[in-house]
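So the structure is just underneath, and the comments pick up after that.
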Amino acid sequence: NAGVTQTPKFQVLKTGQSMTLQCAQDMNHNSMYWYRQDPGMGLRLIYYSASEGTTDKGEVPNGYNVSRLNKREFSLRLESAAPSQTSVYFCASKPGQGHETQYFGPGTRLLVL
Amino acid sequence: GQSLEQPSEVTAVEGAIVQINCTYQTSGFYGLSWYQQHDGGAPTFLSYNALDGLEETGRFSSFLSRSDSYGYLLLQELQMKDSASYFCAVRDQVTGGGNKLTFGTGTQLKVEL
């Protein structure tokens, strides 16, 4: 099992460019999440998907969109990147109701110039 | 909304015991989790408390008092590898199993010889 994988590992964008961060899990988990982590800060929830076919906003959704492509994959799109979106992005997954552990991917480090 | 407070830094000696506190103010509370994150790494789950009391997992224990909106993580027999950031996180009750977490800003633990 690879667990939760994220691509790319690093990315540099110019202001206004768009990109999609990919996340996949091979643990047959129902729920998936996207977080951002800024230096010295905790993780803030951007969007989540409680189950395949559903997505909901988290704490900081502005400037982002998501797609739960299937049970395995949950992508995060930046339509027009801004310097304020420079951050480390973590994807996570969770088995479903009754389970508390969220399993995190290795992260994508994004720099917007 | 949710807010959580943790100390920003704690320093302790190898072999000692350290306690990391977390107080929270929430509009809804379902449980308190703890995650560990080494520099540059992904957060990993340590423990979860839904009910008052102490949960023990090896060298790590976690405590919750719902009436005081307070919890702590206790690390015993500290090792150098325990040097990391520790985050408390409050779970919102969300239907369908897709529980949302709000994270604190983290406590950086430094273990010295």
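By convention in this document, chain letters (A, B, ...) are assigned in the order of the sequence lines, proteins followed by strands, and residues within each chain are numbered from 1. Not measured: the values here are computed from a predicted model.
- More than 12 heavy-atom neighbours from other residues, nucleotides or ligands sit within 6.0 angstrom of CD on A:Q17.
- Using a 4.5 Å heavy-atom cut-off against chain B, the contacting residues of residues 106-113 of chain A are A:P106, A:R109.
- A:L43 touches chain B through backbone and side chain together, each having a heavy atom under 4.5 Å away.
- Chain A is approached within less than 4.5 Å, heavy atom to heavy atom, by B:F45, B:Y48 from residues 44-67 of chain B, ordered by number.
- We find the CG-OH distance between B:L101 and A:Y35 to be 4.5 Å, quoted to the nearest 0.5 Å.
- With hydrophobic clusters built from ILVMFWY side chains whose heavy atoms lie under 4.5 angstrom apart, B:V18 shares a cluster with B:L32.
- Every residue two or more places apart in sequence or in another chain that forms a salt bridge (Lys or Arg N to Asp or Glu O under 4.0 Å) with A:E79 is listed here: A:R77.
- Counting heavy-atom pairs closer than 4.5 Å to chain B, the top residue among A:M32, A:R44, A:Q102 is A:Q102.
- At a heavy-atom separation below 4.5 angstrom, chain A is approached by B:Y35, B:Q37, B:G40, B:G41, B:A42, B:P43 within residues 35-43 of chain B.
- Hydrophobic clustering keeps B:L109 apart from B:L74 (ILVMFWY residues linked when any side-chain heavy atoms are closer than 4.5 Å, directly or through intermediates).
- The CD atom of A:E59 sits 11.0 Å away from atom CZ of B:F103, with the distance rounded to the nearest 0.5 Å.
- A:V66 and A:M19 end up in the same hydrophobic cluster when Ile, Leu, Val, Met, Phe, Trp and Tyr side chains are linked at under 4.5 Å.
- Each of A:F74 and A:F104 belongs to its own hydrophobic cluster when Ile, Leu, Val, Met, Phe, Trp and Tyr are linked at side-chain heavy-atom distances under 4.5 angstrom.
- Note on A:L13 and A:W34: same hydrophobic cluster, where clusters join Ile, Leu, Val, Met, Phe, Trp and Tyr whose side-chain heavy atoms are under 4.5 Å apart, directly or indirectly.
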